[in-house]
Amino acid sequence: MAYIPGFFMIEPSAEQSKHRAAGLFVRKEKKFDVDIFREQLKEIRLETRRNSAALIEQLKKTLAECDGIETTSAKDAKEAASLIKAFAGDREIASINKSNVVINEIRPELHRVGLKTYLRYYGEFKNFEGDKFQKKIEDYWSLPNIHDKHLVESFDIKRRIPITSPSESKDYIAILGVNAISAEDGSVYFLQHMSNISKDIEQAYKVVVVLSIEKILKNSIDAVNHTRAMGIFGLESILLDLIPHDVEKFDFDSLPLVKNEKAKEIMFIIYDNGRSDLLNTPYQDLFLCIDCRACARQCPVGQHIPFEKDMVYSPKNYLLGSLQGWLHPFEFCLHCGRCEVECPVNIDIPSLIWRSQFEYYERHPRGLKKRLLDDPELLAKLGCLSAPISNWSVKNPFVKLLTEIFVGINRDANLPTFHRETFRDWFKGAKNV
Amino acid sequence: MSEKLVYFTGCFTNYYNPDVGKALFAILKRHGIELIVPDQKCCGMPMMANGNREGAKKNFDYNIDSLYEASSPGYDIITTCPSCNMMLKKEGLPFFESEKARTVSKRVYDAGAYLYSMNLKGKLDKDFYELPLKVFYHNPCHLKVQHITKEPVEVLKLIPGIEIVGVNKNCCGMSGSYGMKKVNKERSKEIGQKVWSEVTLHKPDIITTECGGCGLQINGGTGIRVVHPIVLLNEAYTPVRDRKIF
C-alpha cells in the first residue's frame with residue numbers, strides 16, 4: 001500500500017531542560033547516563049556499518065512504495081548537483097540546511113551548475129550587525145560541559161511535518177541533508193535548533209532530501225536515537241558555530257507566495273561520494289561518525305583555518321574530504337590527539353590522520369625542509385657535540401636567517417639550549433658513584 | 001611498583017634539559033628505586049610528523065627491543081616526556097605493531113602519574129622542605145588525551161609552600177617543531193596567545209609543564225621561567241642551602 005513517509009523534527013527544549021534540572025536537583029530523579037547512551041549509540045552505528053549495503057536496498061524498496069517521492073542515487077557530488085539542477089528546473093535560488101554533506105561536499109558543485117545557495121539557519125539568529133554575524137562565544141575552549149550537568153535529554157521529537165501539497169508555496173528549492181532515515185519505513189529525521197528546516201519543508205516549491213549512506217538506519221527507533229545523539233554530543237560544537245560569519249543573507253520569508261501548479265515534488269538522493277569504498281579500508285571507522293563535530297571543539301587549529309565556510313572546522317570532515325580527493329592531506333595538524341577525546345563513538349581520528357599522511361608521502365616526495373627536520377636527534381647530537389659554539393650560532397641573527405631560508409625554522413623561534421654533557425653521558429658516571 | 005625502573009629519557013631531557021633526568025634519578029634513589037637507562041633513540045614521533053614512516057619504524061622497533069629487554073624482569077618503564085610516552089603507549093602501535101610493542105606499551109608510565117600512584121599506596125616520601133612558590137601548571141595535550149590531568153598537580157600540592165595559582169589544559173600551539181616552522185608561525189602564535197594570557201593573568205613565580213616544546217612556547221610568550229614538575233619536586237626534597245635552581 002502506498003504511503004507518505006514522515007518528516008520528524010528533533011529539537012531542543014528549554015522547558016524540558018528546566019523541568020529536568022528541577023527533577024535532578026530537587027526531586028533527586030535518576031540521572032541520565034551518558035555512558036550507557038554512548039554504548040547504545042555505538043551499537044547502532046556498528047550495526048549500520050555492518051549492514052549498510054542491505055539497508056540501502058531496503059530503503060530503496062521502502063521509498064518505491066511511497067507516494068509523490070522520486071528516489072535516485074548519486075555516486076558523487078557532481079552527479080548529485082546535476083540531478084538537483086535538473087529537478088530544480090528554472091529555479092536558481094536554493095535554501096540549504098547546516099549539513100556537512102550539503103555545505104562542504106555538494107554546495108561547490110551546485111554553484112558550478114548555476115544554483116545560488118543560502119544558509120537559512122544563520123538568518124534566524126537576531127545577532128547580526130549589518131551582514132556580519134556577531135560573536136557570542138568569547139572563548140573557544142570555555143564552553144559549558146553540558147554532559148556533566150545531566151541536562152542532555154532535552155532533545156526529542158517535537159513535531160512531524162505533514163507532506164501535504166498546499167495550494168500555494170514559495171518559488172525556491174530546498175536542499176536538506178538528513179540526520180537519519182529509517183530503512184524500514186522511510187521516516188526522515190532532522191535535528192533542528194531553529195525553524196529553518198521545517199519552514200523549508202513547508203514553504204519550498206520543491207524539496208531535495210540528501211541521504212548520505214551512513215545515515216540510513218535500520219528502523220525509526222535507531223534513527224531517533226542517532227539524531228538525538230547528534231544533538232546531545234554536538235551541543236557544544238553548535239555553540240562554536242556562533243562565531244563571526246560573513247553570511248550572505250536571503251529573506252526567504254519575504255518571497256511571494258505562488259500558486260502551485262501540481263503537488264509538491266520531493267526528491268530523495270541516496271548519496272555515496274566514496275563512503276562505501278571506505279568500508280573495506282582502515283578508514284572504515286569514519287562510517288561510524290554521526291557528524292556531531294565534538295572533535296571540532298577540541299581541535300586547536302580549527303579556529304585558525306577558516307576552511308569550512310559557514311561551519312566550524314571539524315578534523316573528521318577534513319580527513320573525509322582528503323580521502324574523497326577534494327582536499328590536501330593535513331599539513332596543519334598538530335597531532336595533539338585531542339580530536340579523539342570527546343568522540344561519542346570513539347573513532348581514533350588521530351591515527352587515521354597519521355595514516356592518511358603516510359599514504360600521501362608514499363605517493364609524493366617529501367620536500368627538503370621536511371627531510372631536514374625529520375631527525376631532530378641527529379641535529380641535537382651535532383649541537384651538543386659542538387656546544388657552546390652551536391648555542392652561540394643558533395642565536396646569531398645571520399645564522400637564524402639562513403636557518404629560516406634553508407630549513408624553514410622561524411628566525412624568532414624560542415630554541416632550546418644544547419648541553420655538551422647529555423643526561424645519558426652524566427648517568428653513566430652517576431650510576432657508578 | 002617495581003624495585004628498578006627503566007627510563008626512556010626522550011631527546012629533550014637528554015640533549016636539552018638533563019636536569020629533568022638528574023632530578024628523577026635523585027627522587028627515585030631517595031625511594032630506593034634504581035634507574036636503568038637502556039640504549040635508545042628518538043621515539044620516532046617527529047619523523048611521523050614529517051611523513052617519514054620508515055625512519056619512525058626503525059627508531060620505534062629499536063626502542064621496543066631495547067625497552068622490552070630492559071624491562072623483562074618485570075620492571076616498569078617510566079618517561080618524563082609526554083610525547084615519547086604517547087608514542088610508546090599508543091601512537092606507534094597501529095603502524096608498527098608487534099607482540100613486544102604491545103607488552104612494552106602496557107609497562108610504560110608517565111613519571112608524574114607514577115609518583116601519584118606511589119603516594120596513593122603510601123609509598124611516596126613526603127619529607128619535603130618548604131618551597132614558597134606560586135606555580136602555574138600547563139597540562140600538555142599528550143598527557144591530557146591519555147587522561148593524565150590531575151596527577152601532576154596533586155603531587156605538587158603535597159609540597160609545603162607551593163601554591164598552584166592556575167591550571168591550563170589547552171593546547172599551546174607548539175607541537176615539537178611545528179610551532180618553530182616559519183610556515184606555522186602565525187597559527188602557532190594565535191593558539192599560544194590564549195595560554196600566554198591565562199598564565200600572565202595568574203602572575204605565577206614559575207610555570208611547570210612536562211613537555212619541553214610547551215615549555216619553550218610558554219616561556220617565549222610570557223618570559224616566565226618554565227621547569228618540569230619532576231625538577232620542582234626534587235627541589236622540595238633538597239635543603240635550601242643545597243638547592244641549585246631556586
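Chain A is the first sequence line, chain B the second, and so forth, proteins listed ahead of strands; every chain is numbered from 1. Predicted model, so just to flag it, every value in this text is computed and none were measured.
- The number of heavy-atom neighbours closer than 6.0 Å to CD of Glu421(A), taken from other residues, nucleotides and ligands shown, is above 12.
- Heavy-atom pairs under 4.5 Å with chain A peak, among Asn14(B), Val183(B), Val145(B), at Asn14(B).
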field: side-chain contact (heavy atoms from CB on, under 4.5 Å) evaluation trace for Ile191(B) with Leu334(A)
entry: CA-CA 11 Å; Ile191(B) 299 168; Leu334(A) 289 150; 4.1 Å; yes
message: For Lys185(B) and Arg411(A): C-alpha separation, side-chain torsions, deciding distance, then whether side-chain contact (heavy atoms from CB on, under 4.5 Å) applies.
response: CA-CA 10 Å; Lys185(B) 180 183 169 182; Arg411(A) 75 183 88 170; over 6 Å; no
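- Between Phe25(B) and Trp426(A), the ring planes lie perpendicular to each other; the angle is over 60°, past the 30° to 60° tilted range.
- When Ala380(A), Ala413(A), Ser351(A), Pro416(A) are compared by the number of non-hydrogen pairs under 4.5 Å with chain B, Pro416(A) comes out ahead.
- Contacts between Gln146(B) and chain A at a heavy-atom distance below 4.5 Å are absent for every atom of the residue.
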task: Would you please test Phe423(A) and Tyr16(B) for ring-ring contact (aromatic ring centres under 6.0 Å, His included) and show each step?
output: CA-CA 9 Å; Phe423(A) 169 72; Tyr16(B) 303 117; over 10 Å; no
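- Thr417(A) touches chain B through its backbone: at least one of N, CA, C or O sits under 4.5 Å from a heavy atom, while the side chain does not.
- You'll find the side chain of Cys171(B) reaches within 4.5 Å of the side chain of Arg338(A), heavy atoms only.
- Between Pro350(A) and Glu91(B), the closest heavy-atom pair is CB-OE2, 4.5 Å.
- In terms of non-hydrogen atom pairs under 4.5 Å with chain B, the most contact-rich of Ile409(A), Val341(A), Asp375(A) is Ile409(A).
- Shown here are the salt bridge (Lys or Arg N to Asp or Glu O under 4.0 Å) partners of Glu340(A), two or more places apart in sequence or in another chain: Lys90(B).
- Formation of a donor-acceptor pair under 3.5 Å by the Asn414(A) side chain with backbone atoms of Leu216(B) is found in this model.
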task: Kindly indicate, with the supporting measurements, whether the criterion side-chain contact (heavy atoms from CB on, under 4.5 Å) is fulfilled by Phe95(B) and Arg355(A).
output: CA-CA 8 Å; Phe95(B) 306 105; Arg355(A) 186 176 293 281; 3.8 Å; yes
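- Summarising the geometry of His335(A) relative to His142(B), their closest heavy-atom pair is O-NE2, 2.8 Å, with the distance given to 0.1 Å.
- Both the backbone and the side chain of Phe418(A) come within less than 4.5 Å of a heavy atom of chain B.
- Distance check: Thr422(A) OG1 to Asn17(B) CG gives 12.5 Å after rounding to the nearest 0.5 Å.
- Of the atoms belonging to Asn219(B), heavy atoms from both backbone and side chain fall under 4.5 Å from chain A.
- In this structure, Tyr178(B) contributes its side chain and Phe332(A) its backbone to a donor-acceptor pair below 3.5 Å.
- Heavy-atom neighbours of chain A within the stretch residues 43-54 of chain B, taken at a separation under 4.5 angstrom, comprise Met45(B), Pro46(B), Met47(B), Met48(B), Ala49(B), Asn50(B), Gly51(B), Asn52(B), Arg53(B).
- Identified by a heavy-atom distance below 4.5 Å to chain B, the contributing residues of residues 384-402 of chain A are Cys384(A), in residue-number order.
- Against chain B, the residues from residues 367-374 of chain A that qualify, each with a non-hydrogen atom under 4.5 angstrom away, are Lys370(A), Leu373(A), Asp374(A) in number order.
- Counting heavy-atom pairs closer than 4.5 Å to chain A, the top-ranked of the candidates Lys144(B), Gln217(B), Glu34(B) is Lys144(B).
- Neither the backbone nor the side chain of Leu378(A) comes within less than 4.5 Å of any heavy atom of chain B.
- Met180(B) CE to Thr403(A) OG1: the interatomic distance, rounded to the nearest 0.5 Å, is 12.0 Å.
- Among all heavy-atom pairs drawn from Gly10(B) and Arg424(A), the shortest one is O-NH1, 4.3 Å.
- Atoms CE and SG, on Met86(B) and Cys336(A) in that order, are 8.0 Å from each other to the nearest 0.5 Å.
- The CG atom of Asn410(A) lies 12.0 Å from the OG atom of Ser177(B); values are rounded to the nearest 0.5 Å.
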